[in-house]
Structure formats: C-alpha cells, structure tokens
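Here is the structure we will look at, set down as structure tokens.
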Amino acid sequence: MRRAWTRYSTATLYALTEHLRNRLALVLVVFFVPVWITLVYLVITDVDVRFYLRASEQQITVDGNDVSKISGAVNAVTLIVGFMMFIVTFRSTGFDQRLAMAGYPRLHLLLAKLTALLVASALVCAYAVAVICVYWVPEQPVLLWTALLGAALAFGGLGVALAAVLRGELEGMFAIIMLSIIDMGLQNPVSNPASDSDIVRYLPTYGAMQSGVTAGFLDTTPVLHLFLGPLWFLCAVVVAGTAFRLRTRDRRIGLPAPGFGGRRGTPRGSPAGT
C-alpha cells in the first residue's frame with residue numbers, strides 16, 4: 001500500500017509541476033477570466049430574456065447580462081482547463097509511455113493526471129466565481145462553483161482524451177476551442193433565442209449551464225444535471241485510458257528474445273535442436 005501511494009504521489013507531483021510550468025495557461029487564468037467576464041458586463045445587454053430550465057421544467061425570465069456572465073464563465077473555464085489538460089497530457093505522452101514500458105503502473109499515471117485536473121479545475125472555477133461576484137452576486141455561489149467545476153471536468157477529460165488520440169497540438173487546440181464556442185454559442189439565450197432546442201441536451205456543458213442558471217437565479221438544486229459534467233468526464237477518461245493502454249502495450253510479445261537468433265529460444269551460433 002505504501003509503495004502504491006508513493007508511486008501515485010510522485011506521479012501527481014510531476015503532473016502538478018507540469019501545470020505550473022505551463023506559463024501560457026497561468027496567464028490565461030489570471031487575465032483571461034476577469035477580462036472576459038468584465039467585457040460581458042460592459043457590452044452584453046441587460047434586457048430580460050427567456051431561459052428554459054429543463055432541470056425544473058419551467059421557463060424563467062433572466063437578466064441577459066447576468067446569464068451571459070454565467071455562460072462566459074463556463075466558456076472561460078472550459079477553454080482554460082481543456083487547454084491545460086491537453087497540453088500537459090500531449091507533451092508528456094512520450095515520457096509516460098517510457099514509464100509504462102519500464103513497469104510504472106498505468107493506473108497511477110492516469111490517476112495522477114485526474115488529480116491534477118481536479119485541483120486545477122477547482123481553483124480556476126473558484127476564481128471565476130469570485131470575479132462574477134464582483135459585478136453580480138448569484139443566489140447560490142457555491143452551487144455555481146459546482147456547476148462550473150462540472151463543465152471544467154468535462155472539458156478537462158476531453159482534453160486528456162484528445163491528447164491520447166491526436167497526433168498534433170494544433171488539431172487538439174482547434175478542437176477544444178471550437179467545441180467550447182459551439183457549446184456556449186448554442187446555450188446562451190442572448191446569442192441564440194432558440195437555446196431551448198432539444199439538441200443542446202447533448203452538449204458537454206449542458207448540465208453545467210442548467211445548474212449554473214439555477215444557481216444564479218433560483219434557490220433549488222438540480223441534482224441530476226450536476227452529474228452530467230462528471231459523466232462526460234468519465235466517458236472521456238475511458239477513451240483516454242483505452243488509448244493510453246493501446247499505445248503502451250508491449251509489442252515485443254511473439255518476437256525473438258534479445259540475444260537469440262532465428263528460432264525463438266535457440267542461441268545464435270548453436271545448431272537447432274542442440
């Protein structure tokens with residue numbers, strides 16, 4: 001048990017260190033989140049808009065500026081966390097493969113990345129809620145943080161999965177950016193009056209948006225919708241874990257052992273059958 005904990009803690013420390021070395025991601029956290037939410041506050045209209053809460057099966061009227069702060073926060077945390085997890089996972093793939101081939105447990109490596117994802121997501125989401133509270137105090141700030149955390153975990157898991165299946169950084173970054181833009185563009189009632197379409201239920205941050213709007217304007221808790229983000233996260237982790245296992249499997253099985261010649265088990269220079 002102690003040996004397993006040592007392996008896990010070592011891999012986790014390495015994963016967290018990799019995040020701290022990602023200076024671009026740290027700059028985005030510090031500056032992009034407040035700049036984006038501030039621009040929403042200054043630019044987006046505060047006219048009342050209708051938002052369909054499937055969590056409680058009701059149409060509610062919300063302030064367009066306030067609901068855009070929620071969608072802006074979701075957009076910001078998904079972009080940042082998805083970017084962080086993709087870059088760290090992609091750039092450490094070769095090192096992780098060598099560790100796995102040398103006998104380091106794959107499970108410990110994967111759990112370390114997921115722990116780093118959880119820590120990074122929790123901090124980024126707390127920062128985003130704090131910035132929102134500067135301009136507007138939602139009804140349930142803690143629930144809003146939980147909703148944002150679900151969105152961050154969903155995109156963090158997608159970032160890990162994309163890093164495991166794609167071959168280039170550009171492809172992964174483009175995929176994350178486009179997914180986040182499409183996701184929030186369709187769900188924000190200010191930019192899309194038809195945001196109550198059934199299609200939005202299949203978007204990664206649908207549960208987070210439903211929970212976030214509930215947290216902003218109501219005093220109820222949409223329990224089922226809070227679990228949609230973690231569900232996306234688990235599905236992405238399964239994809240990432242499967243891809244990682246396939247990439248790090250031992251391809252030497254069935255090949256002649258080192259130091260042996262044409263027939264397996266027959267030393268070089270020795271007649272066959274001696």
Compute whether any side-chain donor of one residue and acceptor of the other, for [X] and [Y], lie under 3.5 angstrom apart.
X: N75; Y: S180; result: yes
X: Y52; Y: E57; result: yes
X: S68; Y: Y41; result: no

Pair R54 + D198: basic N to acidic O under 4.0 Å:
yes

So if you build clusters from Ile, Leu, Val, Met, Phe, Trp, Tyr with side-chain heavy-atom gaps below 4.5 Å, do [X] and [Y] land together?
X: I181; Y: L203; value: no
X: M85; Y: V88; value: no
X: V134; Y: V43; value: yes
X: I177; Y: I87; value: yes
X: L16; Y: I80; value: no

For I199, does the CD1 atom have more than 12 heavy-atom neighbours from other residues, nucleotides or ligands under 6.0 Å away?
no

Under the 3.5 angstrom rule, does the side chain of S191 hit a backbone N or O of N188 as a donor-acceptor pair?
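Indeed, once roles are kept as given, a pair shorter than 3.5 Å links the two residues.
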
Taking it one step at a time, do V67 and D63 satisfy side chain to side chain contact (heavy atoms under 4.5 Å, CB included)?
CA-CA 6 Å; V67 76; D63 183 282; over 6 Å; no

Using a 4.5 Å cut-off on heavy atoms from C-beta on, say whether the side chain of [Y] contacts that of [X].
X: T61; Y: V49; value: no
X: T205; Y: T78; value: yes
X: F217; Y: I70; value: yes
X: T221; Y: Q140; value: yes
X: M209; Y: S71; value: yes
X: F155; Y: D183; value: yes
X: V27; Y: F32; value: no
X: T45; Y: N65; value: no

How close do [X] and [Y] get, counting heavy atoms only, and between which atoms?
X: T6; Y: S9; answer: O-OG, 3.0 Å
X: F90; Y: L166; answer: CE1-O, 3.7 Å
X: V33; Y: A76; answer: CG2-CB, 4.2 Å
X: Y135; Y: V131; answer: CD1-O, 3.6 Å
X: G172; Y: F86; answer: CA-CZ, 3.4 Å
X: P204; Y: A154; answer: O-CB, 4.1 Å

Starting from the C-alpha separation in whole Å, work towards a yes-or-no answer on side chain to side chain contact (heavy atoms under 4.5 Å, CB included) for M184 and V74.
CA-CA 8 Å; M184 279 300 96; V74 172; 3.8 Å; yes

After noting the C-alpha distance and the side-chain angles of Q59 and D196, does the key distance pass the side chain to side chain contact (heavy atoms under 4.5 Å, CB included) rule?
CA-CA 9 Å; Q59 284 273 4; D196 58 350; 3.8 Å; yes

Between L117 and L153, is a side chain to side chain contact (heavy atoms under 4.5 Å, CB included) present by the stated rule, with each step listed?
CA-CA 7 Å; L117 166 60; L153 289 176; 4.0 Å; yes

Going from [atom1] on [X] to [atom2] on [Y], what distance comes out if it is rounded to the nearest 0.5 angstrom?
X: D66; Y: I132; atom1: CG; atom2: CD1; value: 9.5 Å
X: M173; Y: F83; atom1: CE; atom2: CZ; value: 4.5 Å
X: Q210; Y: S56; atom1: CD; atom2: OG; value: 8.0 Å
X: W36; Y: L39; atom1: CH2; atom2: CG; value: 7.0 Å
X: L179; Y: L79; atom1: CG; atom2: CG; value: 10.0 Å
X: R50; Y: S195; atom1: CZ; atom2: OG; value: 11.5 Å

Please determine which of L53, L143, L228 meets the side chain to side chain contact (heavy atoms under 4.5 Å, CB included) test together with P222.
L143

